[in-house]
J.: 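Structure provided below as structure tokens; questions to follow.
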Amino acid sequence: MIKKNKITILQPDDWHVHFREGDLLKAVTPFSSRINGRCIAMPNTEIPITSSEHALKYKEEIIKNANNSSFEVLIPCYLTENLDLNEFKKSLINNFFVGAKLYPNNATTNSSYGVSELEKIFPALEILQNEKKILLIHGEKVRDGVDIFDREKIFIDEDLKKIREEFKELKIVLEHVSTSYGVDFVKTNKNIGGTITPHHMMLTKKDVFLKNNDIDPHHFCMPVVKNETDLLALRNAACIDNDKFFLGTDSAPHIIEHKLPNDKIRPGIFSAVCSIELYAHIFDEENSIETLEKFSSINGPNFYNMPVNSSKIHLEKKEWIVPDMTLYDSVKVKNFFGNKKINWKIVNLNV
Ligand code: DOR
Ligand code: ZN
């Protein structure tokens, strides 16, 4: 096989990004807007985004800090058990929201407003289904007795199957799929797609839970990375059998002070600095550089019923070292893969 050293692909989109707020937003936004045509900005801000006014204000804050004038921001409504359903429906119809995001209560960062009793959001899901909007899901069951490594499987078995059964036409994205069980569920069910992060294809639990019982805070995310077999299933789903999977980095920055080793380490991996390059690196390792474009730039818009981007980006095979940190005023964030070598680099784009 002839190995390619250069590729040109349609401009990608990132269907799962955390931009945060304030200085942190200013620090990270240029990285996602440098390459992507569109990003879905997650609504788990300090006060969750549940209204059209809040969504609009947040969108404006991100756009103001973007370094690409055609960059588009899409926001899903944060589902709570006491949403104003009239306002929710209106906001969907008027395209303030691309869909809605289900965070199980206390599953991850800023999810304390999330859902404890699934049935309580069924009226909102009914509206989503009728309006043909997307349900994005953080698929983890958090309950006493459920091991952190089993949360995705138990969520699928107890909750996702129920949603699938009740709302057959509702289009669902299982976000940041982290297990081979999740991959199989997406592949074998209708109206469901999955996003896959670079870190779930590069790390296993040994990279997080270290031999000396320490946790590497910079590899700690939700859902936690799993076993080698899961990693291989995810690589296969992204690179080879990839009709139902698309790009979603879950790039989730936290200031370095929130990543100090203690029992309150915030979950999240910040990969926006090198996201498309990481994917190219992985696809090349899997001898699948030819299928990167489908995953990064075609499957996502097809699923969301949007046109693919019209511009293109160029990547070349060239070693570079990811900077260790992102700095902005007093904000410091550790970059995923910081100080490590990647084999692919985007051409002619600088932040
Ligand atoms: O690791 C994660 N961090 N997973 C999520 O789902 C949320 C994210 C965050 O917002 O920090
Ligand atoms: Zn996320």
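Whatever order the structure lists ligands and atoms in, that order sets their numbers, starting from 1. Hydrogens, waters and symmetry mates are skipped; everything else that's a heavy atom, side chains included, is used. Index from 1, following the sequence. On a predicted model such as this, the values are computed, not experimentally measured, just so you know.
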J.: Should the proximity of Arg266 to ligand 1, defined as any heavy atom under 4.0 Å, be assigned to the side chain, the backbone, both, or neither?
T.: neither
J.: Is Glu175 close enough to touch ligand 1? Criterion: a residue heavy atom under 4.0 Å from a ligand atom.
T.: no
J.: Students should be able to answer this: which protein heavy-atom is nearest to atom 1 (O) of ligand 1, and at what distance?
T.: Met222 N, 2.8 Å
J.: As an exercise, state the distance from OG of Ser32 to CD1 of Ile62, rounded to the nearest 0.5 Å.
T.: 9.0 Å
J.: Report yes if some N/O of Asn44 lies less than 3.5 Å from some N/O of ligand 1; otherwise report no.
T.: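 Looking only at distances, the answer is yes, because the N/O contact criterion of under 3.5 Å is met.
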J.: Does the distance from a Lys or Arg side-chain N to an Asp or Glu carboxylate O, for Lys168 and Glu165, drop under 4.0 Å?
T.: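 Here Lys168 pairs with Glu165 in a salt bridge, since their nearest N and O are under 4.0 Å apart.
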J.: In the structure I gave you, are the side-chain heavy atoms of Thr50 and Leu83 within less than 4.5 Å of one another anywhere?
T.: yes
J.: Please say whether more than 12 non-hydrogen atoms of neighbouring residues, nucleotides or ligands are located less than 6.0 Å from CD1 in Ile47.
T.: no
J.: Give the residue and atom name of whichever protein heavy atom lies nearest to atom 3 (N) of ligand 1, and the separation in Å to one decimal.
T.: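 Protein heavy atom at minimum distance: Pro267 O, 3.0 Å.
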J.: If you measure from each non-hydrogen atom of Asn110 to ligand 1, which part falls under 4.0 Å: side chain, backbone, both or neither?
T.: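 Looking at Asn110 and ligand 1, no heavy atom falls under 4.0 Å.
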J.: With atom 8 (C) of ligand 1 as the reference point, say which of Ser111, Gly139, Pro223, Ala252 has the nearest heavy atom.
T.: Ala252
J.: Identify, by atom number and element, the atoms of ligand 1 in contact range of Cys221, meaning under 4.0 Å from any of its heavy atoms.
T.: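 Every atom of ligand 1 under 4.0 Å from some heavy atom of Cys221: 1 (O).
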J.: Would you say Arg20 touches ligand 1, if touching means a heavy atom closer than 4.0 Å?
T.: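 Yes, Arg20 has a heavy atom closer than 4.0 Å to ligand 1.
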J.: Confirm or rule out an N/O/S atom of His16, from backbone or side chain, lying less than 2.8 Å from the Zn ion (ligand 2).
T.: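 Looking at His16, which is the residue asked about, there is an N, O or S atom under 2.8 Å from the Zn ion (ligand 2).
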J.: For atom 7 (C) of ligand 1, grab the closest protein heavy atom and report residue, atom and distance to one decimal in Å.
T.: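 Answer for atom 7 (C) of ligand 1: Thr108 OG1, 3.1 Å.
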J.: How does Ile269 reach ligand 1, by side chain, by backbone, by both or by neither, if only non-hydrogen atoms under 4.0 Å count?
T.: neither
J.: Between Asp250 and the Zn ion (ligand 2), is there a contact where an N/O/S atom of the residue lies under 2.8 Å from the metal?
T.: yes
J.: Before giving the answer on side chain to side chain contact (heavy atoms under 4.5 Å, CB included), spell out for Asn309 and Leu10 the whole-Å C-alpha distance, their side-chain angles and the decisive distance to 0.1 Å.
T.: CA-CA 6 Å; Asn309 292 312; Leu10 287 166; 5.5 Å; no
J.: Under 2.8 Å from the Zn ion (ligand 2) - does any N, O or S atom of His18 fall there?
T.: yes
J.: Is a donor on one side and an acceptor on the other found under 3.5 Å between the side chain of His199 and the backbone of Phe270?
T.: no
J.: Could you establish whether His176 and ligand 1 come within less than 4.0 Å of each other, counting only heavy atoms on the residue side?
T.: yes
J.: Test of understanding: given a 4.0 Å heavy-atom threshold, classify the contact between His254 and ligand 1 as side chain, backbone, both, or neither.
T.: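 Side chain only.
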J.: Is a salt bridge present between Glu228 and Lys206, judged by a nitrogen-to-oxygen distance below 4.0 Å?
T.: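 Salt bridge flag = no for Lys206 with Glu228.
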J.: What is the minimum heavy-atom distance between Ile196 and Tyr279, and which atoms define it?
T.: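 Looks like O-OH, 2.7 Å.
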J.: Look at Lys162 together with Glu119 and state whether they make a salt bridge at an N to O cut-off of under 4.0 Å.
T.: yes
J.: Between Asp284 and Lys4, is there a side-chain N and carboxylate O pair less than 4.0 Å apart?
T.: no
